[in-house]
Amino acid sequence: MKNSNLWIATAALLTLLGCTSSDNNISTDPDSEFAQNLRRAVNSNPLEIDDDVITVRPRPNPERNAYFGDLHVHTTYSMDAFAFGTIATPYDAYRYARGEAIQHPGGFDMQLRKPLDFYAVTDHAMFLGVVQAAADTSTETSKLPFSKNIHDLNAPENLGVTSIPGRVQTFATFLPAMIQGIQDGSIDPEALEEVTRSAWADTINAAERFNDPGRFTTFVAYEYTTSSDDQGNLHRNVIFRGGDQFPAVPFSRFHSRNPEGLWDWMDGLRARGIESLAIPHNSNGSNGQMFKMEDWAGNPIDDDYATQRLRNEPLVEITQVKGTSETHPLLSQTDEWADFEIMPYRIASPEFSKPEGSYVRDALRRGLTLEDRGVENPYKFGVVGASDTHTGATSDDESNYFSKIGLLDATSERRGSTPLPWWQATLLNYAQPNMIAEVEGETYMSGATPTWGASGLAAVWAEENTREAIYDAFRRKETFATTGPRIRVRFFAGYDFPTNILESPDLATLAYRSGVTMGSDLIGDGAQAPEFLAWAIRDSDGAPLQRLQVIKGWVEEGETFEEVYDIACSDGALPDPKTHRCPDNGAKVDLSDCSISSNVGASELKALWRDPQFDPDQKAFYYVRVLENPTCRWSTWDAIRAGLEPRPDLKKTIQERAWSSAIWYVPDETGDTAES
Amino acid sequence: MSSLLRSMLREPLFHFIVAGALLFVFAQWLGGSREEPQVVTVDRSDLERLTEQWEAQYGLPPTPEQTSAILRNHIRDEILYREALKLGLDRDDVIVRRRLVQKFRFVTEGLSELAEPSEDELRQFYRSRPEQYAKPAETSFQHVYFSSEQRGENARRDAEAALQELKSSPDDGVDWRGLGDPSILQREYGRRPERELTELFGTQFVEKLSEIEPGTWSEPIASLYGWHVVRVRDRTPGRLPEFSTIRGEVEADWLTQRRKEANESLYRTLRENYEIELLDIPEPDLPGGAPAGDL
């Protein structure tokens, strides 16, 4: 071809390409087709396992095994989690529980050291999925006036520290504004319910997909979030046993602010074959409302209230990230270990929460008081631990603590363990002055966050790892709680344990046969004094055990009392018969690197114990507490990693622990035997 | 023809001008002038698609009235969409941006799915990734436990004594379940992978466990709880399942891998057309000391 022709041809081609109008190529592919395709792609992988490849499902163990899990996990569907930057979905959460790494909004990976046995995603039913929709500027929800400050909240550019005051603001104002809008009619609750329905359906789908009987159990669940007028926390998580039916919409604060409404709903579902239970948490932040002696209306608790409550709430959370609710130093002045991870505020409020009526041990005592007055006991619950994570991932390892509220506590500065850089301090001083504190010349993040901790886990004794077996253990209250380490603890009470039961390889079988286990009633046998059997082993990854304790509460002439007894010590020591205390085993923590004493402490502790103050006519409860040797608190780990001194006004070490559910001693010939 | 015209006709510049003019007209015909009314075309396939969507959502085909409404809405959307583009509303909107990226990825991924793997390719893929498809080794064992806490220094000695008892008695004459101390952990485990056993008993126990020959009671081995006399019942070695039993999984993985590779290579091609300029920000630390140009 001649040069000029080639030139023209090239010019023609280039011009053609350049001039091609975009009009004809607009495909108005609406999002829905695209979304449909995407949805199809996402849902197209069934979990089918060839028979050949499947490993044999472990046989049920009649002596029961310990299974560990978390029943309190929030993902991006929770209104607050999304505001904290969490984009983890329920699917991500279950993958995390099985041991995979998932992303924290702060950019790093989170991964468990050991997979968990069971997990339940419990997003807030109220506004389920709504904040996520409000932030998505293509939805109707995002057009509501107060959605504006949520737009693009979790856009990649907005995940830094400067977004924090805005996020806190969002959390504080969005909710009340939404509620107001619904009440005054400016928001169409139907539209919101649509969002909630689809988010709930997705939650169920995720749980069903990951449930793997024999190996990993999920529960369909959610959180019912309500509070008293004075911002006393009354939250509880609703866990469904499973099956082929679930409610279409979870009962939330919109349906009723009064937990009794929730229980009515659960009773109704149960009558239709849908079994569930609820687990209250953060009683520590309830300002005495969680374990009142009155019902919602202010009337004294009666049998109907008590039986309905216990029927629906056989368990309570005794520990989680937002503090431990076992007891408070003011309520238990002779318990040297009572001051443990105390969170003194009401939830999302700088106000103090009153201790009375806010702690589990106190509640157990209140239950005895009610029984003493001839009323059924609503506070006869078993205990579990949980995390209440809002990142989709349980953070129960002090040495690897990423707390729970996503971006708001992703770094040590934001958690309050290391000083804030001057510009962050200034910014927060301007935006949220009650969030900072000056300690010995340094400015730290303050408020509730530094009081939080890496806790906890729920545990059960069940024959196998299936929904049915584990849920039944919940119902039996054969549950225990830990602050993170996988301490296994057993507890039995009985009148005629075989001699040398502690040495018998068949201990568990014999104990089940000749006694009752945690969560049960021990019925009085005349004047006979029962024996209590406690047994615990350490986590292979945790610290050695320091001591076994039994904590007793009883009622005497209308008043309740409590006592802490050491019943087994490490290193061959024995508890002092008068003080009921083990000698100090000398376990230490090296604060320069958080290493711990390796030569003291036990890998296993067990004891048979009799109550030195047993009175066969007194109603009482007994539960076991196991303490590890001291280890570094997360705030100390943070400081060490930053090369700084630990913050002076925070505890530097803690003793991780486990608690069993109680055994209730029911004296002979009592008319109102409170049965669970 | 006059010589002037002839010389003009031979002039390359003239050819070029004519060609340019022709192209201009041609392009106008293709692209349409900005001053003329723009055309929104709705053809049969569009209508079919819209009707299908309606049906998918409402379960029934639309009535004639509903169809008019559908058309009206579609046209309205189209016009507003074009106007939005003209106003540049697609810029600076993170959600739009993300959707476009998502869509680009989706669309380009679709291209790579054209390739169907051959049987050989799949087998090759499967053979080259044993660590991905291998099932971990599993051990089934029983153990008699001697607690360090209970027995202190004597735990090991007591374990040895029990071993002698077990070995000297005829087949299962002595019930192993009656010996030793009670264990909170199970005394018998069936087909558990190493990872799980390590979480329960600790690494030193599992290491020693792997050395024990199946069938007879072993010399005592230690865990952090004490000493154990172990009988391994069965050890299923880590195995690679037969290709035929996991063909589906392998195919899915192969497709994912192909897709990833196609995306990566497409991105590399696109990337070559771009120059990255970092203004006023420090040089990022890339792994392996790669230069910033590798961003």
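As the structure is a computational prediction, the values presented were derived from the model and not from experiment. Here is how names work: the chains are called A, B, and so on, in the same order as the sequence lines, proteins then strands, and each is numbered from 1.
Of the two parts of A/Pro115, the backbone and the side chain both hold a non-hydrogen atom closer than 4.5 Å to a non-hydrogen atom of chain B. No part of A/Asp541 comes within reach of chain B, as not one of its non-hydrogen atoms sits under 4.5 angstrom from that chain. Of the two parts of B/Thr236, neither the backbone nor the side chain holds a non-hydrogen atom closer than 4.5 Å to a non-hydrogen atom of chain A. Residue contact with chain A, scored on non-hydrogen atoms closer than 4.5 Å, involves the backbone and the side chain of B/Glu199 alike. Neither the backbone nor the side chain of A/Ala508 comes within less than 4.5 Å of any heavy atom in chain B. Both the backbone and the side chain of A/Arg538 come within contact range of chain B, judged by heavy atoms closer than 4.5 Å. Interface remark: A/Ala66 contributes no atoms to any contact with chain B (heavy atom separation under 4.5 Å). Within the 4.5 angstrom heavy-atom criterion, only side-chain atoms of B/Tyr145, from C-beta onward, approach chain A. Both the backbone and the side chain of B/Leu200 come within less than 4.5 Å of a heavy atom of chain A.
Listed options B/Thr198, B/Thr41, B/Leu185 were ranked by heavy-atom pairs under 4.5 angstrom with chain A; first place goes to B/Leu185. Each of B/Ser183, B/Gly202, B/Gly20 has some count of heavy-atom pairs under 4.5 Å with chain A, and the biggest count is that of B/Ser183. When each of B/Thr203, B/Leu22, B/Ile184 is checked for heavy-atom pairs under 4.5 Å with chain A, B/Ile184 comes out on top. Ranked by heavy-atom pairs under 4.5 Å with chain B, the first of A/Arg113, A/Arg59, A/Glu503 is A/Glu503. Highest contact tally toward chain A, considering only B/Arg195, B/Gln150, B/Arg177, is held by B/Gln150 [criterion: heavy-atom pairs under 4.5 Å].
You'll find the side chain of A/Arg490 reaches within 4.5 Å of the side chain of A/Tyr512, heavy atoms only. Side-chain contact check for B/Leu197 versus B/Phe141: some heavy-atom pair is nearer than 4.5 Å. Counting heavy atoms from C-beta outward, B/Glu165 and B/Leu179 have side chains that approach closer than 4.5 Å.
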For ring pair (Phe, Tyr, Trp, His ring centres under 6.0 Å), just list the numbers for A/Phe491 and A/Phe480, CA-CA rounded to whole Å, side-chain angles, deciding distance to a tenth of an Å, and then say yes or no.
CA-CA 10 Å; A/Phe491 188 39; A/Phe480 59 100; over 10 Å; no
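B/His143 has its ring centre less than 6.0 Å from the ring centre of B/Phe201. Residues B/Phe205 and B/Tyr225 keep their aromatic ring centres 6.0 Å or farther apart.
Between the side chains of A/Ser570 and A/Gln546, no donor-acceptor pair of N or O atoms lies under 3.5 Å. Checked by atom type, the side-chain pair A/Asn65/A/Asn61 shows a donor-acceptor distance below 3.5 Å.
A pairwise comparison of heavy atoms in B/Leu166 and B/Trp176 identifies CD2-CB, 3.8 Å as the closest pair.
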